[in-house]
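Below, chains carry the letters A, B, ... as their sequence lines are ordered, and counting in each starts from 1. Since the model is a prediction, treat every value here as computed from it, not as a measurement.
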Protein chains: 2
Amino acid sequence: MPRKSGAKDPIVATSATGDETDTRERILHAANRLFAERGFDGATLREITEAARANLAAVNYYFRSKDELIRSTLESALKPIVAARLEALKACERAYPDRLPPLESLADALVRPMAELSSGENRDRLLLLLQVRTIAQAATNSVVADHFRPLHERFIDVLQKVLPNLSRAELALRYDCARGATLQILVDLAPAAQLVVSPAERATTIDRHEWLIAGLVQFVSAGLRAPPTVLRQPTTRKKAPGAATKPR
Amino acid sequence: MPRKSGAKDPIVATSATGDETDTRERILHAANRLFAERGFDGATLREITEAARANLAAVNYYFRSKDELIRSTLESALKPIVAARLEALKACERAYPDRLPPLESLADALVRPMAELSSGENRDRLLLLLQVRTIAQAATNSVVADHFRPLHERFIDVLQKVLPNLSRAELALRYDCARGATLQILVDLAPAAQLVVSPAERATTIDRHEWLIAGLVQFVSAGLRAPPTVLRQPTTRKKAPGAATKPR
DNA sequence: TCCCCATTGAAACGTTTGTATGATACAAAT
DNA sequence: ATTTGTATCATACAAACGTTTCAATGGGGA
């Protein structure tokens, strides 16, 4: 059966009707979960379609290939977190119409949406695991970067106003630091924190979720607020404390 | 070649003599690189053995299976970074025999070894990529965690002395934050920093490597030094952290 | 009613995967 | 010279992979 020329392509026909969220959506959902659990290479289409109660060929029907499914999964998974962070940033600016928002509020806007989306009543950590996986995968990393770029620029713009003493380069560096700290805390499967804390001490913590967010915000805020870095001149080639360079 | 009685298993025979570093070592080296580049599932044994100029069966000869190769690769890759950080910590303590080392030195001991091992004349970022991959992979994550645990405990112990006002739980949390920030900065393939900084501004940076380390240390030190987190009671309606505790 | 077409289903495709097998080369010990 | 054990090689194998094909299905306009 020869296909008509681009008339009704099932791959792009979803948003047209609007309620076709059946098989395609189930596949996307299952793929999200399994990609996060076992990685993009580790999760097979057979597992995904089985979990989605769909036929194996459905993947190649709704998406062209596994690569396209990965891309679609990333887009659908990243959209909520970007939107939530952007919304939190806007709300933060709205709360302080005349003056600049405090740094703690900005840090909260950066940290909280990801914490809510990952550990809340929502699916558990899948979004974060997906994100971590894409960091190491050059192919998917560009997709993620493209989605996040506007958000990052918005955040750095606001931070630049709050912290005018920092160069934009250093500010961007610290923004990356903040992202890394957030990701690490929320995704790490074996954090040093959990190993160290005694059960009794953990029991006193009323709400671990809120405690994590508060601690993260505290750390990130202080890190962002640090005075500008002054590079030690290498004129005196004195090794830094604890250098102990190992020759190869 | 002197030979002991009993079964000589080639799998455990390497560390005995010490100079048998030929094919087995080449495979380990190639596996390190390819696992980091394409992931544990993405890198095939045929690619690895070809890159190592070894026969395909050599993997199952020196290691029992691909899983064992992954484990061996992780161990050999993690050992240097753990040793380097531990050595840096010891050197830091040695440099201040009578009083406690400054926080910046401790942060440097945490950050610098990984930066040196990843971006120096050494192989590029492979160790970091490996580490990031293991974060998301539950199976390999335990191996990594086991290797890092003594190091983490040592670091947190020292930090606890320098920052006695923090609970051990919060200290461990901030230590994880510091690890996350370090990992993110050193591994990220598409950092916001690189996208934002103008080429001119980057040109002024004499040594980007040293600049990254200094900025990281500055951020981490300030984050660790932040005052203890006070949990805001959720009785208040809106999340308006107005408690802007001025640092000094 | 019929036809159309988007969707689903089962089965097979060719390729690539990790692993296993047996032959062979080589060097030291017997 | 023969034996012995280590190491490397080409090759084979079953399983699993992503992808394709084609028939069956079913509901909505004509």
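In this structure, the CD1 atom of A/I70 is 11 Å from the C1' atom of D/dG18, given to the nearest Å. One atom, CD1 of B/I48, and another, P of C/dT19, lie 11 Å apart when rounded to the nearest Å. One atom, CG of B/D67, and another, C1' of C/dG18, lie 10 Å apart when rounded to the nearest Å. Taking atom CZ of residue A/F63 and atom C1' of nucleotide C/dT8, one finds them 15 Å apart after rounding to whole Å. Nucleotide D/dA15 holds its P atom 20 Å from the CG atom of B/D41, rounded to whole Å. D/dC17 atom P lies 7 Å from atom CD of A/E47, rounded to whole Å. Atom NZ in B/K66 sits roughly 15 Å away from atom P in C/dA20 (whole-Å rounding). Protein atom CG of A/N60 is 12 Å distant from nucleotide atom C1' of D/dC17, rounded to whole Å.
Under the side-chain hydrogen bond (donor to acceptor under 3.5 Å, both in side chains) criterion, B/D67 pairs with no residue, sequence neighbours left out. A/R154 is linked by a side-chain hydrogen bond (donor to acceptor under 3.5 Å, both in side chains) to A/E93, counting only residues two or more places apart in sequence or in another chain. Residues satisfying the side chain to side chain contact (heavy atoms under 4.5 Å, CB included) test with B/T49, not counting sequence neighbours, are B/L56, B/V59. Residues satisfying the side chain to side chain contact (heavy atoms under 4.5 Å, CB included) criterion with B/A77, sequence neighbours excluded, are B/N32, B/L130. Under the rule for a side chain to side chain contact (heavy atoms under 4.5 Å, CB included), the partners of B/S76 that lie at least two apart in sequence or sit in another chain are B/L28. Residues forming a side chain to side chain contact (heavy atoms under 4.5 Å, CB included) with A/R53 (at least two apart in sequence, or on another chain): A/R26.
Of the side-chain N and O atoms in A/S65, none sit less than 4.0 angstrom from OP1 or OP2 of D/dG18.
Residue pairs meeting the salt bridge (Lys or Arg N to Asp or Glu O under 4.0 Å) criterion with at least one member in residues 39-49 of chain A, sequence neighbours excluded: A/R38-A/E47.
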Contact letters for nucleotides 23-28 of chain D, in which S counts primed atoms plus P, OP1 and OP2 and B counts the base, heavy atoms under 4.0 Å: ------
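Ionic pairing of A/K79 and A/E75 is not present here: no N-O contact between side-chain nitrogen and carboxylate oxygen is shorter than 4.0 angstrom.
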Dump every N/O contact between nucleotides 8-12 of chain D and the protein below 3.5 Å, one line per pair.
from: D/dT8; atom 1: OP1; to: B/T23; atom 2: OG1; distance (Å): 2.3
from: D/dT8; atom 1: OP2; to: B/Y62; atom 2: OH; distance (Å): 2.5
from: D/dC9; atom 1: OP2; to: B/N55; atom 2: N; distance (Å): 3.3

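Here the side chains of A/I81 and A/F148 are in contact, with some heavy-atom distance below 4.5 Å.
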